[in-house]
Asks: 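Below is a structure I'd like to ask you about.
Quick note on labels: first sequence line is chain A, next is B, and so on, each numbered from 1.
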Amino acid sequence: MHIPNKTQRMDYNHQEIEKKWQKYWSENKTFHVEIDHKKPKYYVLDMFPYPSGAGLHVGHPLGYIASDIYSRYKKHLGFNVLHPMGYDAYGLPAEQYAIQTGTHPAVTTEKNIKRYREQMDRIGFSYDWDRQVQTCDPDYYKWTQWTFIQLFKSWYNKKTDKAEGIDKLIELFGEEGNGNLEAACSQEEVFSADEWKQMNEKQQQEVLMNYRLAYLSNTMVNWCPALGTVLANDEVKDGFSERGGHPVERKLMKQWSLRISAYAQRLLDGLEKIDWFESLKEVQRNWIGRSEGASVEFNLEGFDDVIVVFTTRPDTLWGATFMVLAPEHELVEKITSEDRKSKIGKYVNWAKNRSERDRISEVNKITGEFTGAYGINPVNGKKIPIWVADYVLSGYGTGAIMAVPAHDSRDFKFARHFNIPIVQVVKKEGEEESDPQTWDDSYDAKEGVMINSGFITGMNVEEGIKATIKWLEENELGEGRINYRLRDAIFSRQRYWGEPFPIYYKDGMPYPLDESELPLRLPDVDKYLPTESGEPPLARAKDWKTKEGYPLETNTMPGFAGSSGYYLRYMDPKNQNEYFSKEANEYWRNVDLYLGGDEHGTGHLIYARFWNMFLYDLGRVCEEEPFKKLINQGKIQGRSSFVYRLNYEKYAEHLIWEAIKDKKLGVEFVRDFKDGHRQFDFYSREAGLILEIKSQKNLEKLAHYYKPYAREKNVRFLFIPLYDIKENVDHVVNRIKEAIKADDLEINFEHEIKKINPVFVSKDVKELIQFTTPIHVDINLVENDILNIEAFKKWRPEFADAEFIMKDDKYVCGWEVEKMSKSKHNVQNPDELIEKYGADTFRLYEMFLGPLETHKPWDTQGIEGVYRFIRKLWRLYFDKDNNLNISEDQPTKDELKVLHKTIQKVRNDIERFSFNTVVSAFMICVNELTDLKCNKRDILEPLLVLLSPYAPHTAEELWSKLGHRPSIAIIAFPDYKEEYIKENTFEYPVSFNGKLRFKLELPLDISKEDAEKAVLQAEGAQKWLAGKQPKKIIFVPKRIINVVV
RNA sequence: GCCCGGAUGGUGGAAUUGGUAGACACGUUGGACUUAAAAUCCAAUGGCCAGCAAUGGCCGUGCGGGUUCAAGUCCCGCUCCGGGUACCA
């Protein structure tokens, strides 16, 4: 019978405490926040989670815990902290599930959100849940649609370097046409005011479309037939969809795009103003991909057309020996000579239909065709051939290049492959010109001296570039130009579960809905699939048209639409009249600290900055950059456990071989004997005997098969069932002995079929591990790398009769760090841990694991240490009968020193987001206070405030036990006092020639001379001086003393 | 290929500006308490060598060089691992 006794009673009851305080915070709205002009604001934001069906695993809350600690800390410092949470609720998984089951994605999403919320609530976050937003809520997406309309009604004026209303552009067109305009656009034709006025409405709309920041155009897209949708570049991985892994092909389609390229330079410049990791800024810089160079016009022989190329190296023009057009280039067909038409046609067709995947896997394959046409090199009038090749991309620059094989590795390879001349135009300083025919690779010289280059010969590269651009501009053959890699963002998805576009079509042209009609609600459909004619799911909706009967847009917006401006809506989430009020925006301004994963570096973090800059141009937001400081939290990886399943056939062969090798049975055997395509386990020529080890099932088949072979070759077979070896190896060896002696042995097979139970070998049984296959085992069945055998047998029916080979009665599992995933059985779910150890322990442990930003493996074992710490802390406040035991006495010097040392460390480390070392500091503090047997109120009270951001439930509970009301969350963070920490002496490490030899305690204010004297007189010094005079003594106050002998 | 990040005990990690390498914790081993277990507490714990012992010595932060009185930290050259990106003219 189980008799509970006193010592078994729970002293620290986390389950009760945590429930109590979570309820308290929620009922008292402790973390509800409103604009308060008396307090400074601080905005802490976590990246919007997509609520997946699997719920949270221990990796997800890492960033949330860190941001929660920081938020609570800032609140203790007196800031008015905005710390909201919401959901990026549109997403493919819910839609995919809808397609499969017919469940409306809203239902699935709602369910998942509920689960997320429950899990988050149990961790004790200080979110202001009154501000929660979710992207699929019409009250929210109304403003996503609203922003889209503003984008549609805007164009980018390069002269003012900002977005302006399209009305102003229409006015300008009426006054002076587009000749004087500097705009970010896709308009090529120049027209006058009169020409503009003569256009009909449709024509005018078509022109305007080339200027709008949200525009419709034919775009080469990543079309995924299996999903029936277009994917963004970052949703495609190696030619397959990132979600689902379906093949993706290139296709020309009419799509909405956002003219984000207009903001390329501002997005680049803005990086200088924000406090992000340099590496992340670098990722964005690369993505924006600014390159400076020149556009150069090449005339064509026999045509009036001009081919414009972009080059970063105009100085190498004299080395341009051919040109290359992208297969999609508009002039390809026109300039191809008659005799080459079929070849070029074939090539272009092949290249266009090549999937992204083929291109990637065949990067090094050089392909191309000569068009038969020639361009004229503008600097020297030389005729150079024009080729078509798919290494030139239609989407970058002008889709045409001048090729300088001597100084560009791709051009070099191409020229070599097709035997095109190579001319050197740059040489290294101090080196001589050499014959490019002898080169192995191009000389991609960013520095050097120009040669063979007309009037720039002798200049260095930098001067050459400048001089060439100047010459091109003077002769109207080109101009200096800056190019960006950043492409406009495709904004259409052929999907159901997304924001509908607030757009209708009249005469085939798109028009925005009136703002009063927003939100345009997502309609119901009978199926979540494209229509038979290939239209998006919204085409299935009944009456999908305006009041006037105009058809509405059937595409929906992509995932990043809703997440690009959510941080703004949090400022004023319930506002029915506008996105957010001016007052709210001017108070909260932008996000002070943004926490999230680094996978958003080129997606969300660029789109959101663009979105914000646009609203800034409109005058709606007061800060140009949305996220002042950003930290990427590292991923928590899984720690997989393995059991080792014995490959019995391998092992049995090994056992038999050990018994028969080296003539142990009197005759020579060979292993893995081959005869033609046949292979046998063991063969003895002497005995004319073949041994085969097999499972019963296979033996039956083989017996039949080998009979003719045995007769033909005059050999005998002995078939050995695995089961027999497992039962008794000696018996089997005896049978082999008999078989060797016997002269006439029929193919021997007569066994009832017996099942062999799976056998698992403990990792420390080293001699057997080589015969095993590792299998992932559920980490919940393993504790401290020791397998729970009973639980393992129940885990899967096929393991019910498993047998184990162990040492010391323990089954030791192996482990490896891998991605956390269901299939690897290494997913750790926070709920179980919180149940067992409590949210405070969980929070502390997630932080204790290591630096926030590094990737680190999850190891449940270590959580015990943090749990012990919390209970040890608890015991500072209570006696062994769990009665509060607090002394009102004055603290001692030592106690004050421990406290203030901790305050200093905790404050310091949190400011540099070093949460793991803060937890260590708490442990050291509690260890030291325990050693001092300290129970003084003046020490233990401030300690709780320090701890409260990290372990808020425990801190609240103890705070209230100490007699305080209400919440500890608003108590001022303690300051440390230098006087308590200050020491009078320091124990100097004394080294000789850099090697630590002994320690010496000296007063802090000692002079250099006195210190030197003290060292030389010190007890240990003589030994190391060995009678010699020291050459030099280095004395670094409060650090070290080093004697050089 | 290019760009970025990293490598410290059996494990996670600490060492903030070059100044006592391995804090704190896990694990392991031994001990105390207990009928027993759990919990708790105490001690040891980078490697090698010498010694009965206290103790002492040598080596040691991926590898090879360098700068310095002093290097995990700075410089040069590599190796390996992780991530991003991909014909960007």
Asks: So, the side chain of A:N377 versus the backbone of A:L317: is there a donor-acceptor pair under 3.5 Å, distance only?
Replies: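 Such a contact is found between A:N377 side chain and A:L317 backbone.
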
Asks: What would the secondary structure line of RNA chain B be in dot-bracket form, counting Watson-Crick and G-U wobble pairs under 3.5 Å, with [ ] for pairs that cross earlier ones and | for pairs with another strand?
Replies: (((((((..(((......[....)))((((((.......))))))(((((....)))))..(((((..]....))))))))))))....

Asks: Tell me: CD of A:E853 to C1' of B:G83, nearest whole Å?
Replies: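 So the two atoms are 15 Å apart, to the nearest Å.
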
Asks: B:A89 and B:C4: how far apart are their C1' atoms, nearest whole angstrom?
Replies: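 Approximately 24 Å lies between the C1' atom of B:A89 and that of B:C4.
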
Asks: Report the distance from atom CD of A:E292 to atom P of B:C88, rounded to the nearest whole Å.
Replies: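 Between P of B:C88 and CD of A:E292: 18 Å.
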
Asks: One thing to verify: whether A:E846 and A:K856 come together as a salt bridge, which I'm taking to mean a side-chain N less than 4.0 angstrom from a carboxylate O.
Replies: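 Here A:K856 does not pair with A:E846 in a salt bridge, since their nearest N and O are not under 4.0 Å apart.
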
Asks: Looking at A:D411 and A:V404, what are the two nearest heavy atoms and their distance?
Replies: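 What the structure gives for the nearest pair is OD2-N, 2.9 Å.
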
Asks: What's the gap between B:C33 and B:U11 when it is taken at their C1' atoms, as a whole Å value?
Replies: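 It comes out at 30 Å once rounded to the nearest Å.
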
Asks: Any idea which heavy atoms bring A:I422 and A:R416 closest together, and the distance?
Replies: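 Of all heavy-atom pairs spanning A:I422 and A:R416, the closest is CD1-NE, 4.4 Å.
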
Asks: Pull out every protein N or O sitting under 3.5 Å from an N or O of nucleotides 9-13 of chain B, one pair per line with the distance.
Replies:
residue, atom, partner, partner atom, Å
B:G12, O2', A:L849, O, 2.6
B:G13, O3', A:N916, ND2, 3.4

Asks: Output the rounded distance in Å from CD (A:E818) to C1' (B:G82).
Replies: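 Whole-Å distance recorded here is 14 Å.
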
Asks: Work out which heavy atom in A:W858 is nearest to a heavy atom in A:L849; give both atom names and the distance.
Replies: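 Answer, listing the atom of A:W858 first, then A:L849: CE3-CD2, 3.5 Å.
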
Asks: A:K905 near the nucleic acid: base, sugar-phosphate alone, or nothing, with a heavy-atom cut-off under 4.0 Å?
Replies: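 Base contact.
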
Asks: Have A:N826 and A:S640 got a donor and an acceptor in their side chains that come within less than 3.5 Å?
Replies: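 There is such a pair between these side chains.
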
Asks: Between B:U67 and B:U85, how far apart are the two P atoms, rounded to whole Å?
Replies: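 42 Å, rounded to whole Å.
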
Asks: Checking A:R843 side chain against A:Y950 main chain: does a donor-acceptor pair fall under 3.5 Å?
Replies: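 The answer is yes, because a donor-acceptor pair under 3.5 Å joins these two groups.
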
Asks: Take the protein atom CD1 of A:I924 and the nucleotide atom C1' of B:A14, then report the distance between them rounded to whole Å.
Replies: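 Atom-to-atom, A:I924 to B:A14, this comes out as 9 Å.
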
Asks: If you draw a 6.0 Å radius around NZ in A:K819, do more than 12 non-hydrogen atoms from other residues or ligands fall strictly inside?
Replies: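 Count not over threshold, so no.
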
Asks: Could you please name the option among B:C69, B:A14, B:C3 that lies closest to any side-chain atom of A:N286?
Replies: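 Of the options given, the side chain of A:N286 lies nearest B:C3.
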
Asks: Should A:Q861 be listed as having a side-chain N or O under 4.0 Å from OP1 or OP2 of B:C26?
Replies: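 Negative; the distance criterion is not met.
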
Asks: Take the protein atom OH of A:Y391 and the nucleotide atom P of B:C88, then report the distance between them rounded to whole Å.
Replies: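 Roughly 10 Å, once rounded to whole Å.
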
Asks: Please classify the nucleic acid contact of A:K999 as base, sugar-phosphate, or nothing, using heavy-atom distances under 4.0 Å.
Replies: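 Result for A:K999 = base.
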
Asks: Give A:V283 one of three labels, base, sugar-phosphate or nothing, depending on what nucleic acid heavy atoms sit under 4.0 Å from its own.
Replies: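 Nothing: the residue A:V283, judged by heavy atoms under 4.0 Å, touches no strand.
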
Asks: For atom P, what is the distance between B:A71 and B:G65, given to the nearest Å?
Replies: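 Roughly 15 Å separates the two P atoms.
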
Asks: Nearest to the side chain of A:M923, which nucleotide is it out of B:A25, B:A89, B:U20?
Replies: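 Nearest to the side-chain atoms of A:M923, counting from C-beta on, is B:A25.
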
Asks: Quick one: is A:R871 getting a side-chain N or O under 4.0 Å of the B:U40 phosphate, OP1 or OP2?
Replies: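 So the side chain of A:R871 is within the cut-off, an N or O lying under 4.0 Å from OP1 or OP2 of B:U40.
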
Asks: Provide the distance between the two P atoms, one in B:U73 and one in B:C24, to the nearest whole Å.
Replies: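 Straight-line distance between the two P atoms is 24 Å.
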
Asks: Return the minimal non-hydrogen interatomic distance between A:Y988 and A:R1039, and the atom names on each side.
Replies: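 It is CE2-N, 3.8 Å.
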
Asks: So, does A:S291 get its side chain near the phosphate of B:A89, meaning an N or O under 4.0 Å from OP1 or OP2?
Replies: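 Yes, A:S291 has a side-chain N/O under 4.0 Å of OP1/OP2 on B:A89.
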
Asks: Base, sugar-phosphate alone, or nothing: which one does A:R997 contact when heavy atoms must sit under 4.0 Å apart?
Replies: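 Sugar-phosphate only.
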
Asks: Out of B:C58, B:U20, B:G27, which has the shortest distance to the side chain of A:F986?
Replies: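 Closest of the options to the side chain of A:F986: B:U20.
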
Asks: Check every atom of B:C4, B:G19, B:U85 against the side chain of A:R485 and return the nucleotide holding the closest atom.
Replies: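 Of the options given, the side chain of A:R485 lies nearest B:U85.
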
Asks: In terms of relative ring orientation, are A:F414 and A:F418 parallel, tilted or perpendicular, with 30° and 60° separating the classes?
Replies: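 A:F414 and A:F418: tilted rings.
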
Asks: Given B:C87, B:C26, B:C24, identify the nucleotide with an atom nearest to the side chain of A:R868.
Replies: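 Out of B:C87, B:C26, B:C24, the nucleotide with an atom closest to A:R868's side chain is B:C26.
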
Asks: Distance check needed: B:C88 P versus A:N483 CG, whole Å only.
Replies: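 Taking atom P of B:C88 as the reference, CG of A:N483 is at 13 Å.
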
Asks: Rounding to the closest angstrom, what is the interatomic distance between B:A15 and B:A53 at atom P?
Replies: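 My reading of the P atoms in B:A15 and B:A53 gives 37 Å.
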
Asks: Ignoring the backbone of A:L996, work out which of B:A89, B:C4, B:A21 is nearest its side chain.
Replies: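 For A:L996, the side-chain atoms sit closest to B:A21.
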
Asks: In whole Å, what is the span from the CG atom of A:D879 to the P atom of B:U40?
Replies: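 So the two atoms are 18 Å apart, to the nearest Å.
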
Asks: For the P atoms, the ones on B:C81 and on B:U8, what distance do you get once it is rounded to whole angstrom?
Replies: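 Their P atoms lie roughly 15 Å apart.
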
Asks: May I ask you to check whether A:K872 and A:N927 show a side-chain donor-acceptor distance below 3.5 Å?
Replies: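 Result is yes, a qualifying pair exists.
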
Asks: So what does A:D909 hit on the nucleic acid, given a heavy-atom distance under 4.0 Å: a base, only sugar-phosphate, or nothing?
Replies: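 Base, at least one base atom sits under 4.0 Å.
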
Asks: Over all strands shown, is A:I1034 touching base, sugar-phosphate only, or nothing at heavy-atom distances under 4.0 angstrom?
Replies: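 If one applies the 4.0 Å heavy-atom cut-off, A:I1034 turns out to touch a base.
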
Asks: A:I401 has a side chain; which of B:C69, B:A89, B:A25 sits nearest to it?
Replies: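 Given the options B:C69, B:A89, B:A25, the side chain of A:I401 is closest to B:A89.
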
Asks: Suppose you measure atom P in B:G9 against the same atom in B:U61; what distance do you get, rounded to whole Å?
Replies: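 So the two P atoms sit 9 Å from each other.
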
Asks: What nucleotide among B:A15, B:A89, B:C41 has an atom nearest to a side-chain atom of A:V392?
Replies: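 That would be B:A89.
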
Asks: Quick check with a 6.0 Å cut-off and a 45 degree axis cone: is A:R871 positioned over the face of A:Y867's six-membered ring?
Replies: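 Verdict for A:Y867: a cation-pi partner in A:R871.
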
Asks: Does the side chain of A:R285 get closer than 4.0 angstrom to OP1 or OP2 of B:C3 through an N or O atom?
Replies: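 So the side-chain polar atoms of A:R285 never come under 4.0 Å of the phosphate oxygens OP1 or OP2 of B:C3.
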
Asks: For the pair made of CZ in A:F869 and P in B:A23, what is the distance, rounded to whole Å?
Replies: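 Between P of B:A23 and CZ of A:F869: 18 Å.
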
